[in-house]
Amino acid sequence: LNVLDSLLLPAYGYGDADVNELLIGTSLKKVDMSAVESVTESFYNDAPLTFTNKTTLVEVKVKDGLKVEVPNFFKGTGLTKVEGKIDITNAPGIFEGVTTLDSVAITGTVIPERAFSGATAIAKVAVNGAQVKPTTVGANAFNNTQALTTMDLSATTTIGANAFTGSGLAYSAKDVALMTVGATTIGANAFENTALTKVDFKNATSVGNNILKEVEVTAVQFQKAFTVDESATTQWGEHMFGKNSAIKVTLYVAKDQKY
């Protein structure tokens, strides 16, 4: 089986640990796992199923709505195509380090931590065909996703630390430079080194330090008074509101803001 490169078993539910070890321990390029409805922790413990670091794997077909609830499921693979929609709500690191995948379809609006960290080619994470409008973005979820330029963040409630650090994020919609962020809590360095130019923090009341470090913004607005996480810092960093350069930044804050 060491030369097996395609595993097209649409009726096999991957419920046998011995068979899984035999099949997946090969140089697979294509896998049809559309009979699997969920990969939960108990399922994984009974019949270990993961493709972590299978660099040869380039295509996979899943059942629409496949629920993945174990970490790093496709981490480090060579995937270029995923057919079917995946529920990644509880799947941290699911596509971490997958540098060859430019789009994927998901079923929900929660992006877990490290979900696409280092996925340098990812440009579209689709829900019903359109770019996801996330409600939660975990820490490092889109870290170093240079191809990701557009995402509407107006419905977010929480954005984790380094969520978009080093990404290409520039627009909330096509050619719309104003990024409206709905989150009340925003982690440190969340937008560090992105391509944002204008940001409206609509509901932010708690933010980490240096959320816009190395970002050449021209306008930043906080519609509510906010506090900076004092567990990490006792003062605002010099890059708190953008890159320390000759570019003039206009900062709007609520009238009851404390400094």
Side-chain angles (χ1 to χ4, degrees), residues 30-31 33-34 51 55 57-68 72-160 162-183 190-199 215:
K30 299 180 181 180
V31 173
M33 52 179 294
S34 53
F51 298 96
T55 56
L57 184 64
V58 294
E59 290 186 23
V60 64
K61 181 178 181 180
V62 303
K63 181 182 179 68
D64 273 344
L66 170 69
K67 183 179 292 186
V68 177
N72 309 324
F73 193 65
F74 291 118
K75 177 182 177 180
T77 60
L79 282 172
T80 60
K81 179 181 180 181
V82 177
E83 183 179 346
K85 304 171 185 176
I86 304 177
D87 180 350
I88 68 169
T89 302
N90 297 302
I94 184 168
F95 294 108
E96 183 176 2
V98 180
T99 61
T100 46
L101 186 67
D102 60 10
S103 65
V104 68
I106 64 174
T107 60
T109 58
V110 174
I111 310 297
E113 63 181 38
R114 300 183 294 102
F116 297 95
S117 180
T120 53
I122 199 75
K124 187 173 184 178
V125 180
V127 174
N128 296 325
Q131 185 76 303
V132 64
K133 189 175 179 179
T135 51
T136 299
V137 182
N140 297 291
F142 291 104
N143 192 330
N144 291 322
T145 52
Q146 289 92 338
L148 183 75
T149 60
T150 305
M151 186 167 286
D152 185 344
L153 300 179
S154 61
T156 53
T157 58
T158 303
I159 296 176
N162 300 103
F164 292 94
T165 298
S167 73
L169 189 65
Y171 307 106
S172 58
K174 185 178 180 180
D175 299 326
V176 178
L178 176 63
M179 178 63 71
T180 299
V181 179
F191 298 103
E192 179 181 347
N193 199 27
T194 59
L196 294 172
T197 55
K198 298 179 181 179
V199 188
V215 182

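The residues of the chain are indexed from 1 along the displayed sequence.
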Worksheet item: Closest approach of Ala121 and Ala147, non-hydrogen atoms and distance?
Response: O-CB, 3.5 Å
Worksheet item: Taking C-beta and beyond as the side chain, do Val199 and Val215 meet within less than 4.5 Å on heavy atoms?
Response: no
Worksheet item: For the atom pair CD1 (Ile159) and CD1 (Ile111), what is the distance rounded to the nearest 0.5 Å?
Response: 11.5 Å
Worksheet item: What's the spacing between Thr120 OG1 and Asp102 CG if we round to 0.5 Å?
Response: 10.5 Å
Worksheet item: Looking only at heavy atoms, which two atoms of Phe74 and Met33 are closest? And how far apart?
Response: CZ-SD, 4.5 Å
Practice prompt. For Ala195 and Gly168, work out which heavy atoms get closest and say how close.
Written response: CB-O, 4.0 Å
Worksheet item: Would you say Met151 and Val137 make side-chain contact, with heavy atoms under 4.5 Å?
Response: no
Worksheet item: Any sub-3.5 Å donor-acceptor pair from Glu96's side-chain atoms to Glu113's backbone N or O?
Response: no
Worksheet entry | Thr194: side-chain hydrogen bond (donor to acceptor under 3.5 Å, both in side chains) partners, not counting sequence neighbours | none
Worksheet item: Minimum heavy-atom separation for Pro112 to Ala91, with atom names?
Response: CG-O, 3.5 Å
Practice prompt. Would you name the heavy atoms of Asp87 and Lys67 that are closest together and state the gap between them?
Written response: OD2-CE, 3.7 Å
Worksheet item: Would a distance-only check, ignoring hydrogens and angles, find a side-chain to backbone donor-acceptor pair under 3.5 Å from Ser172 to Leu178?
Response: yes
Practice prompt. Provide the closest heavy-atom pair for Lys75 versus Gly93 in the form atom of the first, atom of the second, distance.
Written response: CB-O, 3.6 Å
Discussion item. Distance check, rounded to the nearest 0.5 Å: Leu79 atom CG versus Glu59 atom CD?
Written reply: 9.0 Å
Worksheet entry | side chain to side chain donor-acceptor pair (under 3.5 Å) partner of Thr135, the single match among Thr109, Thr157, Thr158 | Thr109
Worksheet entry | For Phe116, all residues meeting ring pair (Phe, Tyr, Trp, His ring centres under 6.0 Å), sequence neighbours excluded | Phe95, Phe142
Practice prompt. Show your reasoning for whether side chain to side chain contact (heavy atoms under 4.5 Å, CB included) applies to Lys174 and Thr150.
Written response: CA-CA 7 Å; Lys174 185 178 180 180; Thr150 305; 5.8 Å; no
Worksheet item: Considering only heavy atoms from C-beta outward, does the side chain of Gln131 approach that of Val125 to under 4.5 Å?
Response: yes
Worksheet item: Between CG of Leu66 and CD1 of Ile86, what distance do you get to the nearest 0.5 Å?
Response: 5.5 Å
Item to complete: Kindly indicate whether the side chain of Lys85, heavy atoms from C-beta on, has any atom under 4.5 Å from the side chain of Asn128.
Response: yes
Worksheet item: Can you tell me how far CD1 of Ile94 sits from OG1 of Thr77, rounded to the nearest 0.5 angstrom?
Response: 9.5 Å
Item to complete: May I ask you to decide if Ala183's main-chain N or O and Thr156's side chain share a donor-acceptor pair within less than 3.5 Å?
Response: yes
Worksheet item: Among all residues two or more places apart in sequence or in another chain, which pass the side-chain hydrogen bond (donor to acceptor under 3.5 Å, both in side chains) test with Thr80?
Response: none
Item to complete: Establish, from distance only, whether the side-chain atoms of Arg114 and Asn143 form a donor-acceptor pair under 3.5 Å.
Response: no
Discussion item. So does Gly78 get a backbone contact from the side chain of Thr100, meaning a donor-acceptor N/O pair under 3.5 Å?
Written reply: yes
Worksheet item: Do Val127 and Ile106 have side chains that get closer than 4.5 Å, going by heavy atoms?
Response: yes
Item to complete: Tell me, with the steps shown, if Leu196 and Phe164 meet side chain to side chain contact (heavy atoms under 4.5 Å, CB included).
Response: CA-CA 11 Å; Leu196 294 172; Phe164 292 94; over 6 Å; no
Practice prompt. Could you grab the distance from atom CG of Leu169 to atom OG1 of Thr149, nearest 0.5 Å is fine?
Written response: 8.0 Å
